[in-house]
Amino acid sequence: MIKRLTHIFVENFQGMSRVSIKDIAREVGVSAASVSLVLNEKDEGSRISKDLAKKIREKAKEMHYEPNNLARSLRTGYSNTIGLIVADISNVFFASLAFHIQEQAEKYGYSVIIANTNESTLKMEKMINVLKSKPVDGFIIVPTEHGDSYICDLLKRHTPVVLIDRFFPHIEISSVIVDNYNSSRKACEYLINNGCRRVGLIAYKSELQHTKDRKQGYIDAMKTHGIYDPSLVKEIDYSTFADDIAITIDSLMSKENRVDGMFFATNTLSMAGIKQLFEAGIQVPRDLKVCCFDKSEAFDFMDAKIPYILQPIREMGKAAVELVIEQIKQDTNVETANYKSVVEIPARLITPSPGNVSFSPSS
């Protein structure tokens, strides 16, 4: 009885085993080498006819053939996989960024494994280690505030890596960012040109360069017009922003400190802030003019037209994928390679008025 059950199990197991290239070759009546050429898209220019190539592909589909990616990666040294680490996948900006990176990577024959840190450096370390064990051929990373040491470790290990949205000025590494300084400055000047003289800034408390650049753009715009007031600069902890945003809005709208304009440095802050303003009965833009860094889809459903910085997410994703694949394909020392660069992509200020304002790093 035991022997019979064992025999049945072995038969079923064999029936479920992975279809190999040799199995397909035997069915079609050709060599395994010919099947390999066709299934790896290398038959063009060979002696394999189009009819035979079509027959091989049809047989592979019929037999439910799936390539053994692990075996291929061991053989070639590449997995054709990119590890993408984002800061907050629930944020529509990072979700959209991940979408465009995946779309672009697929055009080059790469898959993308997406990991989330929720702005935690410990999680960033964990996700890097998890993805290294897969393994992946390279990384595209939205780094956390204190994640620079882990980026340096990847470079020391000669791992292809590109930073996106954020970068560390003290690390020589390929990065893709927008012109945060000029974008913020133009947004604040828009508010000033529309009559605002007391403009509050609400930003996350962070030492990351992109946050510092947005803050500096605000400060310089205010100073240029002689209306800078440091008490109107409000910084919020990421971990407690849901509670802190209400306190911050109340402070900026108090009788003693009332502002006539607000600049939100991120889309999450803008949505939480505008919601708080509406709940307090403050009409935008009648009672208060606002401008936001990045768009929220909710803006499309509001009666009030919210001015915002439109980030070139598709272009950012495309540039990041191209940079990391360039590194992967270059069989050289990552630390001394000459392909490191900071790609700074222009952003646009979208306003309710007919003349949308476009600007670039040189403007």
Side-chain angles (χ1 to χ4, degrees), residues 86-104 119 142 164-166 176-191 193-194 196 199-204 206 208 210-211 213-215 217-218 221 236 238 241-242 245 249 261-278 282-285 288-320 343-361 363:
V86 298
D88 180 3
I89 198 65
S90 67
N91 185 325
V92 67
F93 169 77
F94 293 118
S96 182
L97 189 62
F99 170 81
H100 288 296
I101 286 173
Q102 181 171 316
E103 288 285 295
Q104 188 64 26
E119 297 289 4
V142 180
I164 190 166
D165 182 53
R166 309 167 179 180
V176 179
I177 57 173
V178 297
D179 183 13
N180 290 287
Y181 171 80
N182 277 315
S183 300
S184 293
R185 183 163 184 167
K186 291 284 187 177
C188 293
E189 287 177 349
Y190 169 80
L191 291 173
N193 291 336
N194 279 271
C196 297
V199 180
L201 168 68
I202 301 181
Y204 282 123
S206 172
L208 284 165
H210 75 298
T211 300
D213 288 344
R214 292 178 192 183
K215 180 180 176 181
Y218 160 87
I236 293 176
Y238 174 80
F241 92 94
I245 192 72
I249 293 294
M262 278 190 197
F263 176 53
F264 295 98
T266 75
N267 62 348
T268 51
L269 288 172
S270 69
M271 282 313 303
I274 291 172
K275 180 175 180 289
Q276 187 66 30
L277 289 169
F278 287 167
I282 299 168
Q283 296 295 311
V284 177
L288 177 76
K289 294 181 175 63
V290 303
C291 194
C292 310
F293 202 108
D294 206 11
K295 181 188 179 182
S296 170
E297 290 182 355
F299 291 174
D300 294 332
F301 303 98
M302 292 182 179
D303 292 333
K305 299 302 180 183
I306 308 294
Y308 61 89
I309 300 295
L310 178 64
Q311 297 199 74
I313 301 176
R314 182 192 299 272
E315 291 80 2
M316 292 172 69
K318 182 176 185 293
V343 177
E344 194 173 70
I345 304 177
R348 295 175 61 204
L349 174 60
I350 305 299
T351 69
S353 57
N356 288 338
V357 181
S358 300
F359 49 91
S360 63
S363 63

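All values derive from a computational prediction rather than experimental measurement.
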Practice problem: Run the numbers on C188 and L201 for side-chain contact (heavy atoms from CB on, under 4.5 Å), then give the verdict. | Solution: CA-CA 9 Å; C188 293; L201 168 68; over 6 Å; no

Quiz item: With a 4.5 Å limit on heavy-atom distance, are the side chains of N91 and T266 in contact?
Solution: no

Exercise. Could you tell me the separation between the CG atom of N267 and the CZ atom of F94, rounded to the nearest 0.5 Å?
Key: 8.0 Å

Exercise. Evaluate the side-chain proximity of N180 to I309: yes if any heavy-atom separation is below 4.5 Å, no if none is.
Key: no

Practice problem: Of all the heavy-atom pairs spanning L269 and I245, show the shortest one and how long it is. | Solution: O-CD1, 4.1 Å

Quiz item: Residues two or more places apart in sequence or in another chain: which of them pass ring-ring contact (aromatic ring centres under 6.0 Å, His included) with Y238?
Solution: Y204

Quiz item: Does some side-chain heavy atom of I345 sit less than 4.5 Å from a side-chain heavy atom of V176?
Solution: yes

Exercise. Mind checking the OH-NZ spacing from Y181 to K215? Nearest 0.5 Å is all I need.
Key: 14.0 Å

Self-check item: Spacing of Y218 atom OH and I202 atom CD1 [to the nearest 0.5 Å]
Solution: 10.0 Å

Practice problem: Walk me through it: do C292 and I274 pass the test side-chain contact (heavy atoms from CB on, under 4.5 Å)? | Solution: CA-CA 10 Å; C292 310; I274 291 172; 4.1 Å; yes

Quiz item: How long is the span from the NZ atom in K186 to the CG atom in L349, to the nearest 0.5 Å?
Solution: 9.5 Å

Quiz item: Q104 and H100: side-chain contact (heavy atoms from CB on, under 4.5 Å), yes or no, with the steps?
Solution: CA-CA 6 Å; Q104 188 64 26; H100 288 296; over 6 Å; no

Practice problem: List the atom of A187, the atom of C291, and the distance in Å for their closest heavy-atom pair. | Solution: CB-SG, 3.7 Å

Quiz prompt | Residue pair I306 / F264, side-chain heavy-atom distance below 4.5 Å | solution = no

Exercise. Report yes if some heavy atom in the side chain of D213 is under 4.5 Å from a heavy atom in the side chain of I177; otherwise report no.
Key: no

Exercise. Drop me the distance from L288's CG to I249's CD1, to the nearest 0.5 angstrom.
Key: 8.0 Å

Quiz item: Side chains of V284 and M262: does their closest heavy-atom pair fall under 4.5 Å?
Solution: no

Quiz item: To the nearest 0.5 Å, how far apart are CZ in F93 and CG in D294?
Solution: 6.0 Å

Quiz item: What is the minimum heavy-atom distance between A265 and F293, and which atoms define it?
Solution: O-CB, 3.3 Å

Exercise. Apply side-chain contact (heavy atoms from CB on, under 4.5 Å) to Q311 and D165, showing your working.
Key: CA-CA 10 Å; Q311 297 199 74; D165 182 53; 4.2 Å; yes

Quiz item: If every non-hydrogen atom of E189 is compared with every non-hydrogen atom of A221, which pair is closest and at what distance?
Solution: CG-CB, 4.0 Å

Quiz prompt | Nearest non-hydrogen partners of G317 and I101, listed with the distance | solution = CA-CG1, 3.7 Å

Quiz item: Can you tell if the side chain of V178 reaches within under 4.5 Å of the side chain of P312, non-hydrogen atoms only?
Solution: yes

Quiz item: Quick one: does E315's side chain get under 4.5 Å of K318's, heavy atoms only?
Solution: no

